[in-house]
Amino acid sequence: MGGAMLSGWLAQGLDAGRVGVIEPHPSPEISALVTRGIRLNPSPKQLGGVATLVVALKPQSFRDAGAMLKSFTGASTLVVSIMAGATIASIEQVCGGSVVRAMPNTPAAIGRGITVAVAARNVDASQRAVADALLRATGSVEWVDDEILMDAVTAVSGSGPAYIFLLAEELARAGVEAGLPAELATKLARETVAGSGELLHRSDAPSATLRQNVTSPGGTTAAALAVLMGPDGMQSLLTRAVAAATKRSKELAK
């Protein structure tokens with residue numbers, strides 16, 4: 001996710017010479033950015049004063065990296081975290097600085113992500129504007145005032161792309177069960193999910209209206225929806241799934 005965001009910033013004109021990336025095991029994609037001018041694994045002395053520190057770590061490894069992160073953070077540093085579950089208080093304790101906690105999602109890699117952010121009380125208007133610009137480079141941004149909402153945000157939009165990919169996976173599998181060749185079933189499922197998502201993106205109509213537009217009374221879609229919208233159908237499954245992800249996000253904060 002951090003690499004996707006960095007690629008977006010560079011594509012929008014960020015001066016690569018102003019960027020340092022701390023990554024003990026850089027991917028080939030990150031290493032290749034050195035040719036564009038970024039500094040890979042510089043020391044705090046080499047970087048000098050850091051205006052903005054973006055923390056894109058797995059939350060389980062955050063505290064282990066704390067001493068290293070703190071060495072790059074000054075009193076006026078804006079710290080933007082995209083870690084699931086890590087609270088503003090824990091980030092302040094480990095890193096210091098002025099913290100913005102954000103939750104993007106993987107469509108950020110193609111500029112179609114959505115990020116929800118919440119700012120600590122000591123984040124001033126100019127820092128919030130910087131954070132907004134950085135996050136907006138990968139898609140749309142929504143701000144909330146209550147940090148407690150971030151666990152549910154993580155469960156809905158942060159983890160949500162995986163639910164959609166699973167839908168495409170299972171739709172293809174069901175197509176094979178119904179007799180379609182695997183390659184055709186996969187293509188039909190992928191294109192249907194992608195096309196429907198784009199239609200939803202472009203339309204002002206509620207998703208329920210778009211669903212109803214496809215559904216003729218007594219037709220094939222109605223027969224399928226009777227299963228999907230039944231007592232043990234999609235509503236129940238997604239409610240339980242989002243609840244499980246929300247609970248796990250809260251556990252990661254401990």
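What you see below is based on every heavy atom in this structure, not just the backbone, and it leaves out hydrogens, waters and symmetry mates.
Atom CG of residue L135 and atom OG1 of residue T115 lie 5.0 Å apart, to the nearest 0.5 angstrom. The distance from the CD atom of Q212 to the OG atom of S216 is 12.0 Å, given to the nearest 0.5 Å. In this structure, CG in L199 is found 9.0 Å from CG in N213, a value given to the nearest 0.5 Å. Taking CD1 of I82 as the start and CG of L57 as the end, the distance is 9.0 Å to the nearest 0.5 Å. Once rounded to the nearest 0.5 Å, the distance linking CG of D204 with OG1 of T209 reads 11.0 Å. Atom-to-atom distance recorded for L47:CG and S43:OG is 7.0 Å, nearest 0.5 angstrom.
Criterion: ILVMFWY side-chain heavy atoms under 4.5 Å apart, direct or through other members. Under it, V50 and I91 are part of a common hydrophobic cluster. There is no path of hydrophobic side-chain contacts, each under 4.5 Å, that joins V193 to I114. Hydrophobic cluster membership differs between L69 and V54, with clusters built from Ile, Leu, Val, Met, Phe, Trp and Tyr side chains linked at under 4.5 angstrom. V55 and V80 end up in different hydrophobic clusters when Ile, Leu, Val, Met, Phe, Trp and Tyr side chains are linked at under 4.5 Å. Placement of L40 and L10 within a single hydrophobic cluster is found when ILVMFWY residues are connected by side-chain heavy-atom separations under 4.5 Å, directly or transitively.
Put simply, the side chain of I22 reaches to within 4.5 Å of the side chain of M68, judged on heavy atoms. Between V79 and E92 the shortest side-chain heavy-atom distance does not fall below 4.5 Å. Within the 4.5 Å cutoff, side-chain heavy atoms of V100 are placed close to those of W143. V94 is listed as a side-chain neighbour of F62, based on a closest heavy-atom distance under 4.5 Å. In this structure the side chain of H25 reaches within 4.5 angstrom of the side chain of E23, judged on heavy atoms. Looking at P231 and S236, their side chains never come closer than 4.5 Å, going by heavy atoms from C-beta outward. Between E198 and R112 there is a side-chain heavy-atom pair separated by less than 4.5 Å. With contacts defined as side-chain heavy-atom distances shorter than 4.5 Å, the pair S98/Q127 qualifies.
Under the salt bridge (Lys or Arg N to Asp or Glu O under 4.0 Å) criterion, R136 pairs with D132, not counting sequence neighbours. Remark: R240 engages no residue in a salt bridge (Lys or Arg N to Asp or Glu O under 4.0 Å) (not counting sequence neighbours).
Using modelled atom types, one side-chain atom of T35 and one backbone atom of A32 make a donor-acceptor pair closer than 3.5 Å. Under the 3.5 Å distance criterion, the side-chain polar atoms of T73 are left unmatched by any main-chain donor or acceptor of G96. Listed for the T87 side chain is a donor-acceptor partner under 3.5 Å among the backbone atoms of S90. Between the S31 side chain and the S27 main chain, a donor and an acceptor come within less than 3.5 Å of each other.
Across all non-hydrogen atoms, the minimal contact from V123 to A119 is CB-CB, 4.0 Å. Between A56 and G2 the shortest heavy-atom distance is CB-CA, 3.8 Å. Annotation for Y163 and A245: closest pair OH-CB, 3.8 Å, computed over non-hydrogen atoms.
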Do any side-chain atoms of residues 11-21 form donor-acceptor pairs under 3.5 angstrom with protein atoms, and if so which ones, sequence neighbours left out?
| unit_1 | atom_1 | unit_2 | atom_2 | d |
| --- | --- | --- | --- | --- |
| Q12 | NE2 | A137 | O | 3.4 |
| D15 | OD1 | G17 | N | 3.0 |

Show the atom names and distances, to 0.1 Å, of all donor-acceptor pairs under 3.5 Å that link a side chain in residues 171-190 to residues at least two apart or in another chain.
| unit_1 | atom_1 | unit_2 | atom_2 | d |
| --- | --- | --- | --- | --- |
| R173 | NE | E170 | OE1 | 2.6 |
| R173 | NH2 | E170 | OE1 | 3.2 |
| T186 | OG1 | A182 | O | 2.9 |

Side-chain atoms of residues 145-157: list all donor-acceptor pairs with protein atoms under 3.5 Å, sequence neighbours left out, distances to 0.1 Å.
| unit_1 | atom_1 | unit_2 | atom_2 | d |
| --- | --- | --- | --- | --- |
| D146 | OD1 | I148 | N | 3.1 |
| E147 | OE2 | I88 | N | 2.7 |
| E147 | OE2 | R101 | NH1 | 2.8 |
| D151 | OD1 | S249 | OG | 2.7 |
| T154 | OG1 | M150 | O | 2.8 |
| S157 | OG | V153 | O | 3.2 |

Could you list the donor-acceptor pairs under 3.5 angstrom formed by side chains in residues 222-230, with sequence neighbours left out?
none

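Annotation: Q235, atom CD; neighbour count of heavy atoms from other residues, nucleotides and ligands within 6.0 Å does not exceed 12. Around atom CD of E142, no more than 12 heavy atoms belonging to other residues, nucleotides or ligands sit under 6.0 Å away.
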Go through it in stages, so that I can follow the logic: the residues are V242 and T246, the test is side-chain contact (heavy atoms from CB on, under 4.5 Å), and I'd like the CA-CA distance, side-chain angles, deciding distance and then a yes or no. CA-CA 6 Å; V242 169; T246 301; 4.0 Å; yes
Set out, in order, the CA-CA distance, both residues' side-chain angles and the distance that settles side-chain contact (heavy atoms from CB on, under 4.5 Å) for L237 and M234, then state yes or no. CA-CA 5 Å; L237 285 172; M234 188 170 287; 5.6 Å; no
Stepwise side-chain contact (heavy atoms from CB on, under 4.5 Å) test for K250 and K247: CA-CA 5 Å; K250 292 177 180 177; K247 178 182 177 184; 5.8 Å; no
